[in-house]
Each structure stands twice: as C-alpha cells, then as structure tokens.
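One-based numbering along the sequence shown. Start at 1 and go down the list; that is how both ligands and their atoms are numbered.
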Amino acid sequence: MTERSGGEELRTGGGVPPHDGMSASPRRKFVKRKRPVPVGDIEAEIRSGSRLGLARGITLLESRSPDDRAAAQELLLGLLPESGNSIRIGITGVPGAGKSTFIEAFGLTLAEAGHKVAVLAIDPSSTVTGGSILGDKTRMEELARHPNAFIRPSPSSGTLGGVHRKTRETMLLCEAAGYDIILIETVGVGQSETAVRGMADFFLLLVLTGAGDELQGVKKGIMELADGIIVHKADGDNVLAAKRTAREYKQFLRMLQPATPGWQTSVVPVSSIVPSGLEGVWETISRFKEQTGASGQWEARRKAQLKEWFREAIEDRLIESFFAAHGRKTQVARLEEEILHGRLTVTAAVDDLFSE
Ligand SMILES: Nc1nc2c(ncn2[C@@H]2O[C@H](COP(=O)(O)OP(=O)(O)OP(=O)(O)O)[C@@H](O)[C@H]2O)c(=O)[nH]1
Ligand SMILES: [Mg+2]
C-alpha cells in the first residue's frame, strides 16, 4: 500500500472524509468489485515479448487498486526468474545537456544492432506536476517507432518512494520481456540522481563543453557517482573544445574516488546529432560489464541495490502507516501548535507520539 502516503493526502487536501458510523455501512466501500485481473495472460504476453503485454503489465504495477496490487505482485513473482538479464544504464545531466537526444541516437544504434532497448524515466517533479520528462516524446520519435524499442514515461503520480518502486519493478518486467538494455533518464536534480544510481549498473553523466569554471559547476558529488562521462554536443565548432573539456575532466577525476572500485571512469566526446562516438560508449559499457562481472563487482552491486530497495520500502511503509493511523493528523496538528507556541520541545512531542 505504499502509494497512499501522507504526501499524497496533503496534495489532494484531505484523505478520507470522517465516518460518523451511522449513515453508511462500513461494507459499502467494497460494493464495487472488479473482474479478476488475468495475470496468467499478461505473464504469457510479456514472456512472448509483446510490447502491448508489457504495457499492460506496467499499467497494472502503477494501479492503486488493492486488487491490482496483489495481482501485480503475483505477476512480478512469476516473472522474477526471467528478470535481471540486462544492462541497466542510468543517464543524467543538467537540463539541456541533450539526454533525450542522446537516448534517441544511442538507443537507435543499439536497436539497429539487434538489441532490445527499453527507455524509462525518473522524474521527481512529475510527482508534483503530474507531468513527465518523456511527455515530449518528440525527441525520441524514431526510437519509439523501432520494433526493438520500448519507451515508457515516468510514473506520473505517487510519492517519491512510489515512483522509484514502480521504475524498479518496471525494469524487471522489461527484462522478462527480453529487453537486454535499459536506459533510465533522470533530470539533473540531486535526489533523482542518487535514486537512479541506486538502480543502475552503469551510471552515465552528460556534460557540456566549457572551461574550468564550467567544470566547477558540475557537482563533485555527481562526478563521483559516474562510471562514464560524455562531453556532449561534440560537433561543428565545438569539437576541439569538447576534446579539451574531456582532458580537463580526466584530470579532475584523478582526484576523486572511482564510482565503481577497480573501474576508471571513462570520459569521451560524443555528438548525438552527427552522430559520433556512440559505438565507443557502447564498447565502454560492454567492457565495464565484462570487467566488473569477472571481479564480482557487478553481482555485488546488484545485491547491495536489492538490500537498499528493501530498506527503502520498509521505511516508506513505516512512514505511511504512521501517518495513516486513526486520529494521527489531529494529534500531529495539536502537538505542532504546542511546539510553535514554545510550550513543548520537538523531542518531547515525538516522545509523546511514540508513547502509545
Ligand atoms: N549540436 C548538438 N546539439 C544537441 C546534441 N544533442 C542535443 N542537442 C540539442 O540540445 C537541446 C537539448 O536537448 P535535449 O535532448 O532535449 O536535452 P535534455 O537533456 O533531454 O533536456 P531536458 O529533458 O530538458 O533535461 C536540443 O535543442 C537538442 O537539439 C548534440 O549532440 N549536438
Ligand atoms: Mg529530456
């Protein structure tokens, strides 16, 4: 029930209206029963690689109805043995760095080479605006039409934790449908970058050309997460500048811890418009898989990510059930007043909340 969080209630301005216990039978809300979800059919469709089946499965994952939730978990469990066989590539960069254009060009190169490519998105702003960074599919028009590609916009609602869960689960379904490369786009905002790093095998950072000060603008923290850096838009008058910027990044990286032990973060100039450098990016990622696979690092990271996901899910559920408790809102509002009037300390208020 991860989605019915306090955050959502705040947005919709209130949650369930108070029940007076007289006017309606508590059973009334169960009257609307749906037909059972054909989990077996959807599972078979996904196994067969049908895009429509995959889309149906993902819609089921994103549903808020309790019946659908149970069905979605049944579907996932059934497909779990088929999941995991992909390279999960997280892609980040400031707005305008050319992420969507890169994904279109890179995705097409891979799809043409016979890979099955799924494109997903993490966009925390969509939890607020209901929009999505892939809302403008225009930049991925050709990829979207390719039979080897599947593009799914970011889940357009839910809590941050909910969006992450859906993206992770969607990834598993894509893998079961035979997608061997998963590209996850994120906006260049701290929280979503960490989230995507937490679900990707290889993390790619797109930067633009520029002198030293531009390099300062890219947060050191993000560079420390990256397994590969692309100096993007390396075309036209920009080719030389891109090479220079790549050298500067390489130098700067020497002072940082590598994101993946034993792997030297790569830096390459790329143009998605010409295009050029795309094959090199794929070679680097393939080499990364080979090397980290041999060293055990690949498997270790996947396991650590699963544990982290489990932890996050527990935390989400705890917060949600805490705020969902009967009378909690009133109780919290009352204590808040006390705190604001200087009659109670924050710690004492929390002690009070947990003393039951
Ligand atoms: N010259 C050149 N322009 C590019 C290249 N890639 C993208 N662009 C241009 O850069 C602009 C931004 O590209 P997008 O792909 O929308 O960038 P984005 O990072 O996805 O942007 P947001 O989704 O807003 O964060 C567009 O006008 C693209 O045409 C490239 O390789 N070379
Ligand atoms: Mg974009």
Notebook entry, point to check: Below 6.0 angstrom between ring centroids: does that apply to Trp309 and His164?
Noted result: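 No, ring centres 6.0 Å or more apart.
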Next item on the list: Check each of Val274, Asn238, Ile273 against atom 30 (C) of ligand 1 and report the one with the nearest heavy atom.
Entry: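 Shortest heavy-atom distance from atom 30 (C) of ligand 1: Ile273.
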Check: Any idea which of Glu185, Lys233, Glu104 brings a heavy atom closest to atom 4 (C) of ligand 1?
Finding: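 Checking each option, the heavy atom nearest atom 4 (C) of ligand 1 is found in Lys233.
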Check: Below 3.5 angstrom, do we get any N/O pair linking Val270 and ligand 1?
Finding: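 Such a contact does not occur with ligand 1.
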Item checked: Polar atom proximity, Gly96 to ligand 1 (N or O, under 3.5 Å) ->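 Yes.
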Notebook entry, point to check: Judged by modelled atom types alone, do Thr109 and Glu279 share a side-chain donor-acceptor pair under 3.5 Å?
Noted result: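 Short answer, no.
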Check: Taking atom types as modelled, is there a side-chain donor on Thr260 or Arg301 under 3.5 Å from an acceptor on the other?
Finding: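 Note: Thr260 and Arg301 side chains meet the donor-acceptor criterion.
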Next item on the list: For Ser271, take its heavy atoms, then give the atoms of ligand 1 lying under 4.0 Å from any of them.
Entry: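 So the answer, numbered in order with elements, is 31 (O).
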Next item on the list: State the atoms of ligand 1, each with its element, that fall below the 4.0 Å cut-off from a heavy-atom position in Asp235.
Entry: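 Every atom of ligand 1 under 4.0 Å from some heavy atom of Asp235: 1 (N), 2 (C), 30 (C), 31 (O), 32 (N).
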Check: Quick one: is the NZ or CZ of Arg328 closer than 6.0 Å to the six-membered ring centre of Phe322, and within 45° of its axis?
Finding: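 Geometry flag: set, cation within 6.0 Å and 45°.
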Margin query: If I take the Mg ion (ligand 2) as the centre, what angle separates the OE2 atom of Glu185 from the OG atom of Ser100? Nearest 10 degrees is fine.
Written below: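 If I round to 10°, I get 80°.
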Notebook entry, point to check: What distance separates Leu79 CG from Leu75 CG, expressed to the nearest 0.5 Å?
Noted result: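 It is 5.0 Å, given to the nearest 0.5 Å.
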